[in-house]
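A short worksheet on the structure shown next.
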Amino acid sequence: MSIKGLKVGIVGGSISGCAAATAFLRIGCDVEVFERSSHGLKDRGSGIDIPKPLCAELEDKGYLPQDYSVCEAKVRWWQFPDGSQNGRRLWTQPSPSVANNWGNLWQALRRLVPDRLYHEGKALEAFDETGETVTVRFADGSRREFDLLVGADGYHSAVRQNLHPEAEPEFADYILWRGNYPEAELEDRSLIEALDREAARLVVPFSDGHSILYMIPGSDGSTSPGKRRVNWGVYAPCPRALTLNGIESEPPGSITAEIFKDLQALLAEHFPPAIAELIGHSPREEVSIQPIYDSVVDTYVGNRTMLIGDAGTLTRPHTASGATKALEDALAIERLGSEICDLPELLLRYNSERCGRARTVSEIGRRIGRAQVVDTPDWGNMTTADFEDLIRSILSGERLYLFGDKV
Ligand SMILES: Cc1cc2nc3c(=O)[nH]c(=O)nc-3n(C[C@H](O)[C@H](O)[C@H](O)COP(=O)(O)OP(=O)(O)OC[C@H]3O[C@@H](n4cnc5c(N)ncnc54)[C@H](O)[C@@H]3O)c2cc1C
C-alpha cells in the first residue's frame, strides 16, 4: 500500500502528535489529529530540553520558525555546600543543550497543523486493527476508519496499552519536585548573572538525590535577562506524607504544607543558601511533584498502528529526552516516508530505528537514577576524573547529548 494518500489518524495533540501530523502531511498523507482535552493544552510554563543540532534541523526543515526562542546552555556547575553562599564548585560539566518553554514549543508545532484537521475533546477509547483498516472508537461513541493509527497519547497511552497489555510502567522509587517562576521576581540576581556569563546551569548533588536549575524563555518567547523564567527540579525520595496516585503527577495546588516540609528540609540540609533561595522562591501552590516512571516496550508498531513520543517509551527526565525523542520520531517518519512507498516496510524501518534508540535512552536514565539518586557516591570528595568516570559508567559506551563529547 502506497504511503501517499494514506488516511492517518493521530491520537494525542501534544508535542509528538503535532510533530507527527506535520511529518505525515509532508509525505502526502490525509491526516487528522484527535486530542482528548477540550480547551487547548494547559501550559505548565516549564522547561524542556533538546539538543542544539536538533533545534537547528527543526528550524531548517520548517518545524520551528527561524526566530524560535531558546536559552542555550553549555555547561553545568555542580555546586556543593561549604558554608559559603553559592557553595564550592565540584565539577564544570560540558552539557550542551537548548532549553525551551514547553508552551512555546507546543504552540509552534500546533500552528503547523490546520485547525480543520485538529479535533479537540476527542478521546480514543478503543480500536481494532485486525481488518483492512483500523477502526477507532471514541469516548463520545463516534467511530472512524483509518489506514494507520498513530498513538501520540503520552505516558498513559491507550494505544500502547492495547498493543502491549502486559507492559506496565515501572515506578523508579523516587520523585521530581518541579517549579518555575518569572526571573523578574528575583531581588538578588547575582547568581543568575554569574550563570549567564558562562551559559551555565546549576546542579546540587546530595546523598539521595540532586537538583537542576536553569533559565527558559518567557511565555512570550523572550530570552533577555529579566524576562525569562527560572526553571528547577529536585530529584528525591517520595515525601513520607504523600500517597502517590500511580503514574499521575501531583499538580500545582495539590501539595499540602506537610508534604512541602520535605522539600524545605532538603533545601535547608543539602543546598548552598543562594541556591536554596532560588529554588525556595517558588511558593508551595506553584510546585508540583512528578513520580518517576520507566516504560519500555518491545515494538513500536502493530499491523496498522505506530507509537511515538512518550506513548512509545517513557524515559526519566534526567535524560532530557521527552521532547527530543518525540521530535526525532517525527523526523524519522518524514524521512522514511519519503524514501519508502509501502506501509509494512515503513512500520518495520520506523520500529527498528526508533524503538531500539528509546530503549538505550531508557537504560541511560535508569543508570543516572542509580548513580545520582539511589546509590550516590561521596560527592564532596569527587575529583574531575571521578566525575568523568561516573559519566562514562552511566553512558556505558552509548551517547547522550547532555553529556557533551568530552567523556
Ligand atoms: C499540557 C502538557 C504540558 C506539558 N508540559 C511539560 C513541561 O512543561 N515540561 C516537560 O518536561 N514536559 C511537559 N509535558 C510532557 C511532554 O510534552 C512530553 O514528555 C514530551 O514532550 C513528549 O510528548 P508527547 O506528545 O509524546 O506526550 P504528551 O505531551 O504527554 O501528550 C500526550 C497527549 O495525548 C492526549 N491524550 C492522552 N490520551 C488520549 C486519548 N485516549 N485520546 C486522545 N488524546 C489523548 C493528552 O491529552 C496529551 O495532549 C507536558 C505535557 C502536556 C500534555
Side-chain angles (χ1 to χ4, degrees), residues 9-23 32-50 54 58 97 99-110 113 118-127 136-140 142 144 149-162 169 176 178-181 212 214 216-217 219 229 231-233 247-249 251-252 286 288 290 292-295 300 306-330 333 354 358 361-362 365:
I10 299 177
V11 181
S14 178
I15 304 285
S16 50
C18 290
T22 299
E32 283 180 85
V33 179
F34 302 93
E35 166 54 46
R36 177 176 58 190
S37 142
S38 16
H39 303 294
L41 295 181
K42 200 168 169 305
D43 183 8
R44 300 171 202 158
S46 64
I48 202 147
D49 258 331
I50 61 172
L54 175 62
L58 292 164
S97 67
N100 302 249
N101 178 312
W102 184 91
N104 302 350
L105 177 61
W106 175 68
Q107 279 157 25
L109 295 165
R110 171 66 188 85
V113 186
Y118 189 98
H119 311 292
E120 289 185 325
K122 275 292 223 190
L124 169 138
E125 203 164 68
F127 67 91
V136 177
R137 194 179 76 235
F138 293 98
D140 61 7
S142 60
R144 292 290 305 275
L149 174 68
V150 179
D153 49 346
Y155 63 94
H156 236 331
S157 170
V159 181
R160 184 209 304 130
Q161 246 157 28
N162 193 302
L176 173 62
R178 298 181 88 137
N180 66 86
Y181 56 86
I212 175 86
Y214 57 95
I216 62 168
S219 305
R229 295 182 78 82
N231 183 66
W232 60 264
I247 196 170
E248 298 298 336
S249 290
E286 290 177 17
S288 62
Q290 178 184 347
I292 302 304
Y293 271 83
D294 300 293
S295 171
Y300 267 22
M306 72 198 300
L307 300 172
I308 172 168
D310 283 1
T313 301
L314 196 55
T315 51
R316 300 191 189 186
H318 314 273
T319 58
S321 58
T324 299
K325 196 158 55 57
L327 294 163
E328 287 175 347
D329 287 347
I333 290 170
R354 300 307 303 156
V361 176
S362 168

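In listed order, ligands and their atoms are each counted from 1. The figures that follow rest on heavy atoms only: side chains count, while hydrogens, waters and symmetry mates do not. The shown structure was predicted, so the numbers you read here are calculated from the model rather than taken from an experiment.
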Say whether G47 and ligand 1 are in contact under the criterion: heavy-atom distance to a ligand atom below 4.0 Å.
-> yes

Do the side chain of R316 and the main chain of T319 share a donor and acceptor less than 3.5 angstrom apart?
-> no

When distances are taken from atom 51 (C) of ligand 1, the protein heavy atom at minimum range is R44 NH2, 3.5 Å

Residue and atom name of the nearest protein heavy atom (relative to atom 9 (N) of ligand 1), distance in Å to one decimal | S46 OG, 3.2 Å

Distance from N100 atom CG to W106 atom CH2, nearest 0.5 Å?
-> 15.0 Å

Numbered in order shown, the ligand 1 atoms found under 4.0 Å of a heavy atom of A323 are 20 (C), 21 (O)

Taking the side chain as every heavy atom from C-beta outward, state whether T22 and L109 have any atom pair closer than 4.5 Å.
-> no

Proximal ligand 1 atoms for G309, defined as those under 4.0 Å from one of its heavy atoms = 26 (O)

Atoms of ligand 1 less than 4.0 Å from D310 heavy atoms?
-> 18 (C), 19 (O), 20 (C), 22 (C), 26 (O)

Nearest non-hydrogen protein atom, atom 31 (O) of ligand 1 = S14 CB, 3.0 Å

Min heavy-atom dist R178 to ligand 1 below 4.0 Å | yes

Check each atom of ligand 1 against the heavy atoms of L41 and keep those under 4.0 Å away; list them by number with element.
-> 1 (C), 49 (O)

Taking only non-hydrogen atoms of G154 and a 4.0 Å limit, the atoms of ligand 1 in range are 27 (O), 30 (O), 32 (C)

Measure the distance from atom 47 (O) of ligand 1 to every protein heavy atom, then report the residue, atom name and distance (to 0.1 Å) of the closest one.
-> E35 OE2, 2.6 Å

heavy-atom search around atom 1 (C) of ligand 1 in the protein gives K42 O, 3.2 Å

For ligand 1, is there an atom lying under 4.0 Å from some heavy atom of E125?
-> no

Looking only at non-hydrogen atoms, which of D43, D49, L124 approaches atom 41 (N) of ligand 1 most closely?
-> L124

Identify, with sequence neighbours excluded, every residue that meets side-chain contact (heavy atoms from CB on, under 4.5 Å) alongside S46.
-> R44, R178, N180, N231

Enumerated ligand 1 atoms positioned under 4.0 Å from heavy atoms of K122 = 42 (N), 43 (C)

Backbone of A99 reached by a side-chain donor or acceptor of Y214 within 3.5 Å | no

Does W102, backbone or side chain, put an N or O under 3.5 Å from an N or O of ligand 1?
-> yes

Check each atom of ligand 1 against the heavy atoms of F34 and keep those under 4.0 Å away; list them by number with element.
-> 43 (C), 44 (N)

About how many Å separate CZ of F127 and CZ of R137, when rounded to the nearest 0.5 Å?
-> 12.0 Å

E248 and H156: side-chain donor and acceptor closer than 3.5 Å?
-> yes

Give a yes or no answer on whether the side chain of R160 reaches the backbone of D310 with a donor-acceptor pair at less than 3.5 Å.
-> yes

Quick note on ligand 1: atoms under 4.0 Å from a heavy atom of A123 include exactly 42 (N), 43 (C)

Minimum-distance protein heavy atom relative to atom 39 (C) of ligand 1 | D153 CB, 3.7 Å

Taking side chain as C-beta onward, heavy atoms only, is S288 less than 4.5 Å from P251?
-> no

Under 3.5 Å: N/O of S16 near N/O of ligand 1 = yes

Which residue and non-hydrogen atom of the protein lie closest to atom 21 (O) of ligand 1, and at what distance in Å?
-> I15 CG1, 3.5 Å

Looking only at protein heavy atoms, identify the closest one to atom 45 (C) of ligand 1 and say how far it is in Å.
-> R36 CB, 3.6 Å

The residue among I50, D49, T324 that forms side-chain contact (heavy atoms from CB on, under 4.5 Å) with S97 is D49

Without swapping roles, check the side chain of N101 against the backbone of I216 for a donor-acceptor pair under 3.5 Å.
-> no

With sequence neighbours left out, write down each residue that passes side-chain contact (heavy atoms from CB on, under 4.5 Å) with A158, or none if nothing qualifies.
-> L124, D153

Take K122 and S142, measure what side chain to side chain donor-acceptor pair (under 3.5 Å) needs, and give me the verdict at the end.
-> CA-CA 9 Å; K122 275 292 223 190; S142 60; 2.6 Å; yes

